[in-house]
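For reference, the structure discussed in these notes is given below.
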Amino acid sequence: MSDIETGKFSIDELENVQITIGKIVGAIEKKAKEEGVEVGPTPKPGISGLRDWDHKLLSRYQPVYTPVCDQCCYCTFGKCDLGGNKEGACGINMEAHQARETLLRVITGAAAHSAHGRHILHHLIDIYGRDKAIDVGPSNLVAPNTQAVTGIKPETLGDLEEVMDYVEEQINQLLATVHAGQEGAAIDFESKVLHGGMLDHVGMEVSDLAQMSCLGMPKSDTEAPLVEIGMGCIDSKKPVLLVIGHNVSGVTYIMDYIHDHNLDDKIELGGLCCTAIDMTRYKVENGGQPRAKVIGTLAKELKMIRSGVPDVIVVDEQCVRADVLEEAKKLSIPVITTNEKIMYGLPNRSKDSAKDIIEDLSTFKDPGALILDYDTLGEVAPELAIKMSKIREDMGIKALPSDEELQGLSEKCVQCAACEMDCPANLPIMAAMKAGVDKDFSKFEELHDVCIGCGRCDQACPKDIPVLDMIEQASRKIIREEKGLMRAGRGQISDPEIREEGVNLVLGTTPGIIAMVGCSNYPNGTRDLYTVADEMLKRNYIVVMSGCSAMDLGMYKNEDGQTLYEKYPAKFLAGNLINVGSCVSNSHITGTAIKVAAIFAQRNVSGNYEEIADYITNRIGAVGVAWGAYSQKAIAIGSGCNRLGIPVVVGPHGSKYRRALIGKPYDEAAWKVYDARDGSEMPIPSSPEFLLTTAESVEELFPMLAKNCIRPSDNNMGRMIKLTHYMELSQKYLGHMPEDWYKFVRTETDLPLAKREQLLKILEADHGWEIDWKRKKIISGPTMKSDVSAQPTNVKRLCKGEC
Ligand code: SF4
Ligand code: SF4
Ligand code: SF4
């Protein structure tokens with residue numbers, strides 16, 4: 001009770017006192033005051049706390065809905081046909097329902113990250129205690145998202161618990177609004193979507209701060225080690241232990257057991273999905289070498305199992321296929337589940353001895369076991385892998401069909417097209433079968449990279465042809481060569497790095513940050529990532545990677561045999577390539593933008609989300625790309641970027657998230673802000689043009705990236721650089737100049753130097769601008785002035801004289 005700051009009160013006046021269970025509101029402000037930290041207007045905002053900001057964003061970037069389904073079946077009044085924006089029996093219309101569907105996905109994603117964060121935090125507090133200091137490298141601003149949202153400047157693991165309490169409470173409130181008969185307005189569902197996205201970044205940040213502080217992960221390390229990656233890196237002659245999921249807590253016990261028992265060279269430890277990334281971050285700070293290999297993304301799960309190579313599979317949580325146990329059973333691979341979120345109906349062996357569990361699994365008494373005790377897990381998994389390797393070898397287990405069988409299977413195909421109709425990637429399977437009849441398996445090989453390894457084709461086939469197995473067998477040569485390198489996740493961008501690069505980003509002379517994140521549901525295979533990253537890096541953008549995208553990028557090499565992680569340095573500088581880490585490390589990408597506002601521009605961060613978001617929206621050229629976005633977490637991550645004004649492009653499959661947020665460049669009224677120096681209105685360029693949209697191809701993506709890094713704060717040099725890339729990329733990939741380039745020109749010095757005269761002629765001839773040809777200057781035409789000391793803001797209260 002000593003934290004109560006509201007003075008005297010009596011029971012009669014209790015309505016004047018705000019109390020939350022177990023916590024006294026005001027404690028944050030008190031602590032902050034003691035530490036001399038100024039707390040902004042919205043510490044721990046509730047659902048409506050940032051609604052005004054959201055409505056500002058949403059009035060410029062309006063939702064465009066693309067329903068996947070016209071019906072709602074949320075309650076027993078339904079199902080209701082909402083086609084044509086009709087209302088359901090509860091009164092909700094199609095738009096609001098679509099916004100509600102988006103919200104449901106976003107909070108599912110946010111819950112996945114925050115539950116992960118809570119789990120790992122509990123676990124690490126159990127081991128290290130609440131007072132364990134947060135240490136993420138040379139930064140004073142250690143938790144930018146957390147601090148901007150909650151006002152809390154966490155110093156210990158214990159401080160993070162309060163942050164998680166807030167995030168969980170808010171997610172719960174948001175989930176309640178999805179219930180029938182709650183919110184009715186699409187725009188307020190959309191505001192809730194942005195709220196959920198923001199919470200997601202806090203939850204992710206807590207997860208990564210906790211694990212980075214305790215697990216010896218790299219801390220803003222620009223020299224983080226290179227990690228072997230790819231199915232071809234696995235030595236199948238050794239016992240192979242495969243780990244799948246996102247939560248590295250239990251896996252660290254396996255890794256320690258292997259290391260402590262001198263088994264590092266005797267077992268192949270490989271991971272799929274984000275657990276793989278975090279396994280390779282474990283204990284590598286200060287020059288430690290990765291003790292695990294990365295096999296790849298979600299798309300490789302079924303492929304890896306079907307290869308028959310793993311001797312034991314350990315799963316934790318998120319993005320783990322629901323049929324792992326069934327598939328593994330067919331090849332006598334025991335499965336160990338380690339997290340309550342995935343238990344596959346297996347017996348709970350957490351209290352049993354390692355010896356008994358190993359005995360039962362190796363004699364196939366059970367196909368697997370749930371082991372929640374990490375000490376037991378640490379021993380069982382590697383010892384079982386060693387034992388199973390021998391047993392499975394003796395059993396002569398054969399996974400994929402032989403070449404001879406491939407031909408026979410191809411002959412069985414009746415070309416009915418059932419597989420192609422069910423294939424989410426619409427792959428030409430029938431043509432591969434046809435060629436296979438003549439022993440030409442090259443067409444199967446071509447499918448390997450674009451196939452997302454879902455197994456739908458197998459289920460669809462009336463002839464029981466194992467299509468995926470055929471693809472994998474025909475591609476075994478390619479698979480053997482699948483060996484790349486990924487730089488281990490380096491964690492946050494440090495404060496000193498922000499000090500060095502912040503000014504270039506804000507002025508535009510470093511043309512922008514391209515953040516390539518998310519899953520592996522690519523429209524056209526993995527190579528697109530390499531193409532995009534390499535092109536943007538050559539052009540001096542800072543390219544930041546995370547999650548599955550960070551892995552797939554490392555699978556390609558240039559003509560000198562180098563991956564991009566070897567070709568480009570890994571600092572936060574123009575033309576550098578950074579892997580921040582697993583998908584919870586995405587919080588460091590938004591964290592970087594917040595840090596620029598805080599460190600470079602000296603804005604107060606604590607509980608001051610709106611001002612920070614406003615700063616980022618107007619000044620930091622950054623675009624997120626989730627080219628293979630598939631999960632609910634991906635849309636949550638994207639929505640968190642959106643609330644900070646950071647636009648995100650998703651690949652074509654992203655349209656199934658069912659809504660985009662798109663501005664109208666032709667609507668001049670939408671592209672006006674205040675100049676905080678005097679509160680006057682000023683026009684701004686129509687960039688970013690969207691907050692969330694899809695691109696159909698990489699060709700379309702390139703100019704979008706360059707254009708949407710343009711910001712009002714660009715100086716002439718910065719604008720010239722950004723325009724140059726925009727024009728060049730449009731010409732290179734679309735074969736023509738962009739139609740709207742002139743809209744971003746304020747003075748002749750914004751024009752690319754080499755083409756200045758030619759462009760001035762176009763401005764005069766096609767757009768009627770007045771040119772002083774003697775001095776090669778623009779006299780009239782531009783709608784915007786070049787004024788780097790202008791203070792663009794969307795928030796009136798931030799203008800001089802308004803506070
Ligand atoms: S929630 Fe509304 S629209 Fe959905 S099924 Fe129930 S009544 Fe119909
Ligand atoms: S496994 Fe590959 S080929 Fe088969 S349906 Fe899935 S994506 Fe298509
Ligand atoms: S579903 Fe089976 S039989 Fe039909 S086209 Fe595909 S592989 Fe051939």
Side-chain angles (χ1 to χ4, degrees), residues 67 69-101 103-104 176-184 186 189 297-307 321 323 327 400-401 406-437 441 443-475 519-526 628 630 653:
C69 154
D70 280 355
Q71 295 187 334
C72 173
C73 51
Y74 272 21
C75 79
T76 63
F77 281 165
K79 57 189 177 191
C80 298
D81 172 13
L82 306 177
N85 210 20
K86 281 201 293 283
E87 286 179 4
C90 63
I92 199 166
N93 65 20
M94 177 64 119
E95 288 192 345
H97 177 62
Q98 292 307 313
R100 174 168 68 173
E101 290 276 25
L103 174 61
L104 185 57
T177 71
V178 175
H179 193 278
Q182 299 268 34
E183 183 62 73
F189 269 125
T297 65
L298 169 68
K300 298 279 191 289
E301 267 181 41
L302 196 48
K303 295 180 180 185
M304 190 63 194
I305 299 172
R306 293 268 184 101
S307 74
R321 290 185 61 91
D323 57 358
E327 290 283 343
L400 301 173
L406 281 189
Q407 190 193 11
L409 288 167
S410 300
E411 281 166 357
K412 267 175 81 180
C413 172
V414 292
Q415 299 281 309
C416 69
C419 52
E420 290 192 9
M421 278 191 295
D422 273 14
C423 173
N426 299 320
L427 297 182
I429 300 167
M430 290 196 294
M433 292 287 173
K434 228 181 215 165
V437 175
F441 305 122
K443 288 198 160 38
F444 282 112
E445 224 177 39
E446 286 165 24
L447 297 183
H448 170 69
D449 186 48
V450 274
C451 162
I452 56 168
C454 68
R456 295 271 299 164
C457 45
D458 295 9
Q459 293 177 68
C461 180
K463 296 284 171 192
D464 289 329
I465 300 174
V467 183
L468 177 58
D469 288 1
M470 293 176 73
I471 295 171
E472 292 308 283
Q473 168 64 11
S475 313
C519 341
S520 54
N521 193 14
Y522 312 115
N524 195 25
T526 50
Y630 101 98
H653 291 296

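Counting convention: from 1, in listed order, for ligands and their atoms alike.
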Determine yes or no for a side-chain-to-main-chain donor-acceptor pair under 3.5 angstrom, with Gln182 supplying the side chain and Ala176 the backbone. yes
Gln407 (side chain) donor-acceptor with Val437 (main chain) under 3.5 angstrom: yes
message: Tell me if a side-chain donor or acceptor on Glu420 pairs with a main-chain N or O of Met430 at a distance below 3.5 Å.
response: yes
Ala417 heavy atoms within 4.0 Å reach ligand 3 at atoms 4 (Fe), 5 (S)
Close residues (non-hydrogen atom under 4.0 angstrom from ligand 1) work out to Cys72, Tyr74, Cys75, Phe77, Gly78, Cys80, Gly88, Ala89, Cys90, Ile92, Arg100, Ala180
Note: ligand 3 atoms sitting under 4.0 Å from heavy atoms of Gln415 are 5 (S), 8 (Fe)
Between the OH atom in Tyr630 and the CD1 atom in Ile452, the distance rounded to the nearest 0.5 Å is 10.0 Å
So NZ of Lys303 and SG of Cys454: to nearest 0.5 Å the spacing works out to 9.5 Å
Contacts satisfying salt bridge (Lys or Arg N to Asp or Glu O under 4.0 Å) that involve residues 451-465 (not counting sequence neighbours) are Arg306-Asp458, Asp422-Arg456
In ligand 2, the atoms that come under 4.0 Å of a heavy atom of Gly455 are 1 (S), 6 (Fe)
Within 4.0 Å of some non-hydrogen atom of Cys454, the atoms of ligand 2 are 1 (S), 5 (S), 6 (Fe), 7 (S)
To the nearest 0.5 Å, atom CD1 of Ile429 lies from atom CE of Met421 at 11.0 Å
NZ of Lys300 to CG of Leu298, rounded to nearest 0.5 Å, is 10.5 Å
Q. Is there a donor-acceptor pair under 3.5 Å between the side chain of Glu95 and the backbone N or O of Asn85?
A. no
Practice problem: Please tell me if the side chains of Leu447 and Pro428 come closer than 4.5 Å, counting only heavy atoms from C-beta onward. | Solution: yes
Any side-chain to backbone donor/acceptor pair from Lys86 onto Gly83? Under 3.5 Å, distance only.
yes
Near atom 2 (Fe) of ligand 3 (protein N/O/S, cut-off 2.8 Å, waters excluded) we have Cys461 SG
Quick note on ligand 3: atoms under 4.0 Å from a heavy atom of Met430 include exactly 5 (S)
| task | Could you tell me whether the side chain of Gln71 and the main chain of Lys79 form a donor-acceptor pair under 3.5 Å? | result | no
Ligand 2 atoms nearer than 4.0 angstrom to some heavy atom of Cys423 are 5 (S), 7 (S), 8 (Fe)
Taking only non-hydrogen atoms of Ile452 and a 4.0 Å limit, the atoms of ligand 2 in range are 7 (S)
One finds that the ligand 2 atoms under 4.0 Å from a non-hydrogen atom of Arg456 are 5 (S)
Sorted by chain and residue number, the ring-ring contact (aromatic ring centres under 6.0 Å, His included) partners of Phe441 (sequence neighbours excluded) come out as none
